[in-house]
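All figures in this text were calculated on a predicted structure; none of them were measured in a lab. Proteins get letters first, then strands, A, B, ... in listed order; numbering begins at 1 in each.
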Amino acid sequence: MFRSQLTARLLTAFEKAGISLPEGTRPTVVLAADTRYGDYQSNTCMGLAKQLKTNPRALAQQVADALDVSDLCAKVSIDGPGFLNFTLGDAALSAHVLTARRTDQLGVPTATPRTIVVDFSAPNIAKPMHVGHIRSTIIGDCLARVARFLGHHVITDNHIGDWGTQFGMILHGWKTLLDEAALEKDPIAELLRLYKTVNAAAKADEAVMTTCREELVQLQQGDAENLAIWRRCVDLSLDQLRVIYAKLGVRFDHYLGESSYNDALAPLVENLLASHIAEISEGAVCIFFRDDPTLADKPCLIRKSDGGFLYATTDLATIDHRINVWHATDIWYVVGSPQELHFKQIFAASHKRGQTASFQHVAFGSILGPDGKMFRTRSGESVGLIEVLDEAIERAAAVVAEREGLSDEEKATIGETIGIGAVKYAELSQNRLTDYKFSWDKMLSLQGNTAPYLINAYVRTRAIFRKLEGTPEGAGEIEAPAQLVFTEPAERALAMKLAQYAEAVHDVLDDFRPNLLANYLYELATTYHAFYEACPVLSSQGDIRATRLILCDLTSQVLKSGLGLLGIQTTERM
RNA sequence: GCACCCGUAGCUCAGUGGAUAGAGCAGCGGAUUUCUAAUCCGCUGGUCGCAGGUUCGACCCCUGCCGGGUGCGCCA
């Protein structure tokens, strides 16, 4: 990719010019903020001049003199206080486009492979998924796809909440209030009803609460009846979850829920006590982080004074499995921001144990209700995920219904692809850390910066090749000129955008930000639409036509690939 | 009380030290005998919460304040 090539050349130029870079500084190249000055720019000299106590423009000149980029750039200039601006040569740009369209990676270099476990979605058993689960599910799926595309070994793991204190209430409810017919009809709704009813009763009556605790203890001690009920709840819930994941096009390599680690918890705690990593405090087993100022007064509890285990215990056992069995080098947790402290503790505990994997809490903001406060899983109502998806499909289908020349079957597929795509894109195009208020209209919008806008750009590329069906060009076998010819600004602008796919994909994993890829694809679609208006393809001639066909072909591939990385499908018509 | 996050156009949001702060929606005005108008072009719209500071340069970094959110041993 051009950015890293230019960065490398710049580094060489600094060496050649005998300018020693202070420890820790490296020259950087970024996309030009203002394309009047060039395609890429480096701001390095201005910052560096201060440290070296020299004139920034003179420094830039010194670097420029030592710089060899004649094969890449048509022009290098020094502007303003000391900006180094690069304008790519048409030959280099053309060569990139011609090569990229013939490879699966579309010009995106692969990374040094690592073994990455992505932990995301992780809904609770016996409760319907609500919109609050969408961020983890969609962001996690996207990050996993991008990492795979870059050549990493990726393991996706759905760490289902299938164990815990809420089962005391469900067990009690199951035994006293279960409506078999309702369970048959809508298992999750019935389980939720049981939970809510018992929860309310337990709040009002201490005796009910005690009964629930007893049911839970029996489950944890392996009582056959309770285990059988629990197993049934888990299976019913998993059936429902798989329906939603199928609709979303999300798949997991593993569904290792919390219960998978039950047998590992007691030995783990004993081991941590024996190695003095954990200690007993006020009857509970804790790990203290006395040498970490931010965690000094925030110990991590791994066993309650009554002997029960906690969230953190399971997470530590899970880490062991991922590192020891899967040989993970990286573990990414796509979990909301409120759990930041928990992950700080878990990661610190793991480091205390000498584990060297790289941990990342990929946090995201909360989805807020109309009151500006978080949707609460436990008490408050929320909006069901399945309702959101169905409504999205319905709205998209209503637009498709007005189209002519499409079969009912095609219309159904298109409505589903666009509806689901719209929901995913609404999520992924946003900075993950920002909280936002849930809005049907925003999440389901079909105009402007949305999935259908991007899909429409793709459809436009396909329409052109459809006209060529039966010819080699229709199959993408365009007789390429030795070099692309740019006669209109829109052609070169499109070629530039296409070349930036490499940077956009890599930037996603830099800071775990799918919205950078979404933004890029939106810009690509906009650039293509402008090209489409300005540059007739089929009616043009010779090298101009071949150039435009090649640009359409690569645009088509990049849009499909990029949307695919977001987990969004494309359609040939809409 | 302590810690973390957020405050940018009427609304929803991009923008994590560089050049004139950008999109979408909403509003107004145009474009279709043409490869899909879920499109394109133009206009309107901002003391970037407030006050200081660092810097050649600050929406961005530092300090204080105001407003909102979240979290802070025996839930997950």
query: Atom CZ of A:R460 to atom P of B:A37: distance rounded to whole Å?
result: 4 Å
field: Check: B:U36 base within 3.5 Å donor-acceptor of A:R466 side chain
entry: no
task: Between B:G49 and B:A58, how far apart are the P atoms? Round to whole Å, please.
output: 15 Å
- line: Note: for A:Y311 and A:S429 on RNA chain B, the residue whose nearest nucleotide lies more 5' is A:S429
message: Under 4.0 Å, heavy atoms only, any strand: does A:N43 hit a base, just the sugar-phosphate, or nothing?
response: base
- prompt: Mind checking who B:C13 pairs with, Watson-Crick or G-U wobble, both distances under 3.5 Å?
  reply: B:G22
message: At less than 4.0 Å, is any side-chain N or O atom of A:R403 found next to OP1 or OP2 of B:A38? Yes or no.
response: yes
- prompt: May A:F83 be described as stacking on the base of B:G18, applying a 5.5 Å centroid limit and a 30° limit on plane angle?
  reply: no
statement: From the candidates B:A19, B:C13, B:G71, the one with an atom nearest any side-chain atom of A:P338 is B:G71
- prompt: What nucleic acid atoms does A:Y532 come within less than 4.0 Å of, heavy atoms only: base, sugar-phosphate, or nothing?
  reply: base
- prompt: Are A:E404 and A:K411 ion-paired here, with the side-chain N under 4.0 Å from a carboxylate O?
  reply: no
A:Q447 side chain, from C-beta outward: closest of B:C74, B:A38, B:C40: B:A38
- prompt: Contact class for A:T165 (heavy atom, under 4.0 Å): base, sugar-phosphate, or nothing?
  reply: sugar-phosphate
message: Applying a 4.0 Å non-hydrogen cut-off, can you work out what A:C45 is touching in the nucleic acid: base, sugar-phosphate, or nothing?
response: nothing
field: Donor-acceptor pair under 3.5 Å, A:S281 side chain vs B:G73 base
entry: yes
A:E533 side-chain proximity, nearest of B:A38, B:U36, B:U39: B:U39
message: Any base atoms under 4.0 Å from A:R36, or only sugar-phosphate, or nothing? Heavy atoms, all strands.
response: base
task: Please measure how far the P atom in B:C2 lies from the corresponding atom in B:C61, and state the result in whole Å.
output: 22 Å
- request: Return the nucleotide paired to B:C50: Watson-Crick means purine N1 to pyrimidine N3 with N6-O4 or O6-N4, wobble means G-U with N1-O2 and O6-N3, both under 3.5 Å.
  value: B:G64
field: Whole-angstrom distance between B:C13 and B:U8, as gauged at atom C1'
entry: 9 Å
- prompt: What is the distance from NZ of A:K467 to C1' of B:U36, rounded to the nearest Å?
  reply: 10 Å
message: Does either side chain, that of A:N519 or that of A:E523, offer a donor lying less than 3.5 Å from an acceptor on the other one?
response: no
task: Please report, rounded to the nearest Å, how far the C1' atom of B:U70 is from the CZ atom of A:F364.
output: 14 Å
query: Considering only B:C13, B:A38, B:A14, which nucleotide approaches the side chain of A:N456 most closely?
result: B:A38
field: Complement of B:A58, any strand, by Watson-Crick or G-U distances under 3.5 angstrom
entry: none
message: Work out how far the P atom of B:A38 is from that of B:G10, and round it to whole angstrom.
response: 31 Å
- request: For residues A:Y40 and A:F86, establish whether the separation of their ring centroids is below 6.0 Å.
  value: no
message: Which nucleotide, if any, forms a Watson-Crick or G-U wobble pair with B:G29, using both distances under 3.5 Å?
response: B:C41
- line: Between CG of A:N55 and C1' of B:C56 the distance, given in whole Å, is 11 Å
Proximity to the side chain of A:K50 - top-ranked nucleotide from B:G18, B:A38, B:U55: B:U55
- request: Taking atom CD of A:Q569 as the centre, report whether more than 12 heavy atoms of other residues, nucleotides or ligands fall under 6.0 Å from it.
  value: no
task: For nucleotides B:G57 and B:U44, find the distance between their P atoms and express it as a whole number of Å.
output: 32 Å
statement: Rounded to whole Å, OH of A:Y528 lies from P of B:A38 at a distance of 15 Å
- request: Establish, for the pair A:K127 and A:Y195, whether the NZ or CZ atom is under 6.0 angstrom from the six-membered ring centre and no further than 45 degrees off its axis.
  value: yes
message: Please classify the nucleic acid contact of A:G47 as base, sugar-phosphate, or nothing, using heavy-atom distances under 4.0 Å.
response: base
From B:A14, B:U12, B:A19, nucleotide with atom closest to A:Q430 side chain: B:A14
query: So does A:E473 pair up with A:K467, basic N to acidic O under 4.0 Å?
result: no
message: So does A:A518 get a backbone contact from the side chain of A:N515, meaning a donor-acceptor N/O pair under 3.5 Å?
response: no
- prompt: Rounded to whole angstroms, how far apart are CG on A:L433 and C1' on B:G69?
  reply: 14 Å
- prompt: Taking only N and O in the side chain of A:T450, is any of them less than 4.0 Å away from OP1 or OP2 of B:A38?
  reply: no
query: Within the structure shown, what part of the strands sits under 4.0 Å from A:I418 by heavy-atom distance: base, sugar-phosphate, or nothing?
result: base
query: Contact class for A:D441 vs. all strands (heavy atom < 4.0 Å): base, sugar-phosphate, or nothing?
result: nothing
query: For A:F343 and B:A76, what is the distance between atoms CZ and P respectively, to the nearest whole Å?
result: 14 Å
- prompt: What nucleic acid atoms does A:Y520 come within less than 4.0 Å of, heavy atoms only: base, sugar-phosphate, or nothing?
  reply: nothing
task: Can you tell me, in whole Å, how much space there is between the P of B:C74 and that of B:C5?
output: 24 Å
message: Under 4.0 Å, heavy atoms only, any strand: does A:Y522 hit a base, just the sugar-phosphate, or nothing?
response: sugar-phosphate
message: Just to be sure I understand the rule, does A:T294 reach a base, reach only the sugar-phosphate, or reach nothing, if contact means heavy atoms closer than 4.0 Å?
response: nothing
task: Side chain of A:N85 only, please: which of B:G69, B:G73, B:A19 is the nearest?
output: B:A19
task: Starting at atom CG of A:L341, determine the distance to atom P of B:C4, rounded to an integer number of angstrom.
output: 12 Å
field: Distance between P atoms of B:G64 and B:C4 (Å, rounded)
entry: 11 Å
statement: The single option from A:L428, A:L454, A:L516 that satisfies side chain to side chain contact (heavy atoms under 4.5 Å, CB included) with A:L521 is A:L454
query: Can you say whether the rings of A:F438 and A:W440 are parallel (under 30°), tilted (30 to 60°) or perpendicular (over 60°)?
result: perpendicular
message: At 4.0 Å (heavy atoms only), tell me whether A:Q41 reaches a base, stays on the sugar-phosphate, or touches nothing.
response: base
- prompt: Of the nucleotides B:A76, B:U39, B:A38, which one has an atom closest to the side chain of A:E258?
  reply: B:A76
- prompt: If you pin A:G283 and A:E340 to their nearest nucleotides in RNA chain B, which one's is more 5'?
  reply: A:E340
task: For the residue pair A:D315 and A:H159, establish whether any side-chain heavy-atom pair is separated by less than 4.5 Å.
output: yes
query: Rounding to the closest angstrom, what is the interatomic distance between B:G17 and B:C60 at atom C1'?
result: 7 Å
message: Let's see if you can work this out: which of B:C40, B:A38, B:G69 has an atom nearest to the side-chain heavy atoms of A:Y453?
response: B:C40
- request: Name the closest nucleotide to the A:P81 side chain, picking from B:G24, B:G73, B:G18.
  value: B:G18
query: Taking the chi torsion of B:G49, is it syn (within 90° of 0) or anti (everything else)?
result: anti
query: Considering every strand shown, what is the Watson-Crick or G-U wobble mate of B:C4 when both distances are under 3.5 Å?
result: B:G69
Mate of B:C35 where both pairing distances stay under 3.5 Å, Watson-Crick or G-U: none
